[in-house]
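Notes follow the structure.
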Amino acid sequence: MTPASTLLDYGCGALAAGIQFVGFLDAGNYTGLDISAEVLCEGERRLERAGLAARRAGLYLLDSNLAALLGERQFDFLWAQSVLTHMPPDDIRTLLRDIRPHMHGGSQLFTTFANTQGKPRQKQFKDWYYNREFFIETAAAYGFDVEFMTDWNHPNDSAGNDMMARFTLKGDR
């Protein structure tokens with residue numbers, strides 16, 4: 001990633017990571033989406049407090065489909081930190097289907113997920129666990145290759161359940 005790269009932060013929340021991205025990227029190259037208007041407002045306040053309001057970060061409420069929000073925009077990097085752990089399987093399939101048009105040949109989608117050895121399962125109300133095979137099969141069904149990042153560890157995951165995956169358009173690696 002360089003300052004000239006474009007980034008879509010899917011599930012940006014109140015910009016815990018977004019602040020770092022906005023500060024690094026050239027003005028206008030950060031786009032954040034979230035389902036909560038309240039946390040997006042907090043993200044805007046954080047940008048203001050950090051002196052980054054002039055960086056023209058685009059923050060959008062995800063209350064309709066991606067095409068309606070993003071038009072034909074494509075991004076170099078797409079980031080979904082702690083998003084898939086809150087999504088049932090059909091929602092992940094929808095996400096991959098809908099995000100694909102917003103990627104080009106060099107795009108990379110990085111996502112985190114909670115790993116399990118068994119079948120995908122819901123542990124608590126909003127906590128979903130997936131095996132690697134689920135992502136391999138789902139990625140292939142929507143025209144992606146997937147790679148699991150073995151050099152990444154979640155700082156708050158002492159059990160080692162959290163993993164990161166990198167999705168690229170099939171054949172673009």
Side-chain angles (χ1 to χ4, degrees), residues 1-13 16-18 20-22 24-26 28-35 58 60 62 64-123 126-157 159-173:
M1 181 181 286
T2 69
S5 299
T6 55
L7 172 74
L8 175 65
D9 189 352
Y10 190 96
C12 65
Q20 303 303 315
F21 290 129
V22 171
F24 174 76
L25 295 169
D26 288 345
N29 286 4
Y30 174 90
T31 301
L33 304 175
D34 204 274
I35 60 171
Y60 301 96
L62 185 56
S64 61
N65 68 42
L66 282 179
L69 285 174
L70 302 175
E72 296 182 12
R73 290 181 62 196
Q74 293 183 323
F75 299 87
D76 301 317
F77 294 92
L78 302 91
W79 175 253
Q81 168 73 37
S82 297
V83 173
L84 304 188
T85 52
H86 304 298
M87 297 175 86
D90 284 344
D91 288 355
I92 292 174
R93 291 180 187 101
T94 299
L95 168 64
L96 290 177
R97 180 199 70 208
D98 291 352
I99 214 160
R100 193 175 194 289
H102 301 288
M103 296 176 71
H104 56 72
S107 296
Q108 299 178 68
L109 164 63
F110 290 91
T111 66
T112 59
F113 67 97
N115 186 45
T116 186
Q117 297 304 314
K119 292 182 179 181
R121 64 185 172 88
Q122 186 175 17
K123 186 175 179 183
K126 284 187 136 185
D127 294 335
W128 286 85
Y129 287 72
Y130 293 94
N131 58 37
R132 291 179 184 205
E133 290 75 25
F134 169 81
F135 289 108
I136 292 167
E137 292 169 7
T138 304
Y142 292 96
F144 290 98
D145 288 318
V146 64
E147 174 187 2
F148 301 98
M149 312 304 292
T150 58
D151 60 348
W152 180 85
N153 294 303
H154 191 289
N156 298 326
D157 178 29
N161 290 328
D162 287 349
M163 297 189 71
M164 182 175 290
R166 179 176 69 139
F167 292 79
T168 53
L169 297 178
K170 194 161 271 309
D172 285 335
R173 281 201 262 177

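Numbers here are sequence positions counted from 1. For the numbers below, each heavy atom of this structure counts, side chains included, while hydrogens, waters and symmetry mates do not.
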Using the ring of each side chain (for Trp, its six-membered ring), is Phe167 parallel, tilted or perpendicular to Phe135, with breaks at 30° and 60°?
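Plane angle over 60°, so perpendicular.
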In terms of ring plane angle, is the pair Phe113 and Phe148 parallel, tilted or perpendicular, where the classes change at 30° and 60°?
perpendicular
State the [atom1]-[atom2] distance between [X] and [Y], to the nearest 0.5 angstrom.
| X | Y | atom1 | atom2 | answer |
| --- | --- | --- | --- | --- |
| Met103 | Leu96 | CE | CG | 9.0 Å |
| Glu147 | Phe110 | CD | CZ | 8.0 Å |
| His86 | Asp127 | NE2 | CG | 6.0 Å |
| Leu7 | Tyr30 | CG | OH | 6.5 Å |
| Arg166 | Met149 | CZ | CE | 5.5 Å |
| Leu66 | Leu95 | CG | CG | 7.0 Å |

Pairwise side-chain contact, [X] with [Y], heavy-atom cut-off 4.5 Å (strictly under):
| X | Y | result |
| --- | --- | --- |
| Thr31 | Thr6 | no |
| Asn115 | Gln117 | yes |
| Tyr130 | Pro89 | yes |
| Thr168 | Ser107 | no |

Donor-acceptor under 3.5 Å (Asn131 side chain, Thr116 main chain):
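Checking the backbone N and O of Thr116 against the side chain of Asn131, no donor-acceptor pair under 3.5 Å is found.
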Minimum heavy-atom distance [X]-[Y], with the two atoms named:
| X | Y | value |
| --- | --- | --- |
| Leu84 | Trp128 | O-CB, 4.3 Å |
| Asp145 | Lys170 | OD1-NZ, 3.0 Å |
| Asp91 | Met87 | O-CE, 3.4 Å |
| Leu169 | Arg100 | CD2-CG, 3.7 Å |
| Ala165 | Val146 | CB-CG2, 3.8 Å |
| Gly11 | Val83 | CA-CG2, 3.9 Å |

Would you check, one step at a time, whether the test side chain to side chain contact (heavy atoms under 4.5 Å, CB included) holds for Met1 with Asp76?
CA-CA 8 Å; Met1 181 181 286; Asp76 301 317; over 6 Å; no
Run the numbers on Leu62 and Tyr10 for side chain to side chain contact (heavy atoms under 4.5 Å, CB included), then give the verdict.
CA-CA 9 Å; Leu62 185 56; Tyr10 190 96; 3.2 Å; yes
Can a cation-pi geometry be assigned to Arg121 and Tyr129, taking NZ or CZ under 6.0 Å from the six-membered ring centre and within 45° of the ring axis?
yes
Check the pair Thr111, Ile92 against side chain to side chain contact (heavy atoms under 4.5 Å, CB included), reporting the backbone distance first and the verdict last.
CA-CA 11 Å; Thr111 66; Ile92 292 174; over 6 Å; no
Please report the C-alpha distance between Phe77 and Phe21 in whole Å, then the side-chain angles of each, then the deciding distance to 0.1 Å, and finally whether the side chain to side chain contact (heavy atoms under 4.5 Å, CB included) criterion is met.
CA-CA 11 Å; Phe77 294 92; Phe21 290 129; over 6 Å; no
